[in-house]
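First the structure, in the form of structure tokens, and then the observations on it.
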Amino acid sequence: IALSGDLADFAGRKPTPLSLTEILGMKTPERLQSILQEELPVRLANRIAHLDMLPDLEDMSDILSVRGDFSAAFQEVRQAKPEDFKDVIRSFKKRNEDHALRLTRGMAAWSDLQRTKGEPYEETRAFVDSFLNRLFLSRIGMETLTSQYLALSKCPDGMVDVTCDPCKVCASAAKQVTELAGEYFASVPRVEISFHGSEKARKLPLIPHYLFYIVAELLKNSFRAVAETHLASGATGNPEPLQIRVACDEAQVALLIMDRGGGIPFERQPHVWSYMYSTARGNQICQETGHMLDQGTASPTPFSGYGVGLPLSRLYAEYLGGSLHLMSMPNFGTHAYLFLQQSSDREEALPNYVNWLRKRKLREEIQHYESSEKIAAASRDYAEAL
Ligand code: W6P
């Protein structure tokens, strides 16, 4: 599929990264609206061009449907009258809701196709992971810009809760996951939350929505591990509780979620951050919901497999200027560490598709050069393009 006209023009422009402080510092929707009118088409066109680089795209229905949404949104945003802009953004967000699932499912199908063509599995997996990381990172950027824009018409702080208590966010995530787990598991661990720091430090500016998402995702993994280990051990009584430790000052928060769910076997640990992890174990993704299906299980649950939850959570943490780490002791349990800053002056880490294309082309050229001068010159270009 060749890009033409406007789309080709916008795909050739680089997205402008904004720092989180800038995005969150805008107190009225007007300025953000004018930024979005300029910036969204550039980002959408870049994402379309990114999808178009995928070999065999024409056979991948899920990916094509997402591509179709992007190009429809591109036209809508370009043509929107200022007074209709909010509605366009709302419908844009609505349509994007299941993109993560469609893209992951689509890339699982794509990796199956590559496998039937004899492509080495590890290379395919690495490609899929970096491809999806780039797409999701740019998605998180657009999501933040558009959510902030909509939130600003309701409240001058937008998405930010300036006096956010991270313990409260953990407690409500724990409540939701506990209720959900009750429907699927015979034994559900208690969750203990403790706070370490001064009372003043308990109120810091955070985006509660993102914190909630990451904590809930981690808890789902812990609940499942604890429930399954408990069942397998044949133990009676209550399983070991989950412990959440929250430590913060006014600027940063560190969160530790500890489970005694039997840990992750050493050989699986490197795959935890892969979108293809469950597929690698021979699992299937449910066509309706996109949840991972375990082999032999009839229906998917929100607790099945790791799916997109963990890699996506880590991308969110990194986007917010923080990080997410897992430390797992096989046969014992897993500790998840989440670090977040109250606000980040770092620019959005946007995938730069223009540079990426140039880099790939140069790398291919370098492989075909024979003279050492040419290689040296191309290597210099390559280094500059990084
Ligand atoms: C596990 C596997 C896992 C992933 C993420 C967070 C917690 C846990 N616990 O056993």
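Just so you know, these numbers use all the heavy atoms, side chains as well, and skip hydrogens, waters and symmetry mates. In this text the structure is predicted, and so the values were computed from the model without any measurement. We count ligands from 1, going down the list as the structure has it; atoms in each ligand are counted the same way.
- Residue Ser222 has no nitrogen or oxygen atom sitting less than 3.5 Å from a nitrogen or oxygen atom of ligand 1, judged on distance alone.
- Tyr213 has its ring centre less than 6.0 Å from the ring centre of Tyr316.
- Close contacts between ligand 1 and Ala225 involve ligand atoms 1 (C), 10 (O) [criterion: under 4.0 Å to a heavy atom].
- For ligand 1, the atoms closer than 4.0 angstrom to any heavy atom of Leu326 are 4 (C), 5 (C), 6 (C).
- Ring-plane geometry between Phe339 and Tyr337 is classed as parallel, the angle between the planes falling under 30 degrees on a 0 to 90 degree scale with a further cut at 60.
- Look at Asp165 and Arg202 and you find a salt bridge, because one of the NZ, NE, NH1 or NH2 atoms lies within 4.0 Å of a carboxylate O, short of that distance.
- In this structure, Arg67 forms no cation-pi arrangement with Phe70, as its terminal cationic atom is not both closer than 6.0 Å to the ring centre and no more than 45° off the ring axis.
- Relative orientation of the Trp110 and Phe127 rings is tilted, given thresholds of 30° and 60° on the angle between their planes.
- Using a 4.0 Å cut-off between heavy atoms, Asp259 contacts ligand 1 through its side chain alone, with no backbone atom that close.
- Every atom of ligand 1 is numbered from 1 in the order shown, and the set under 4.0 Å from a heavy atom of Ile264 is 2 (C).
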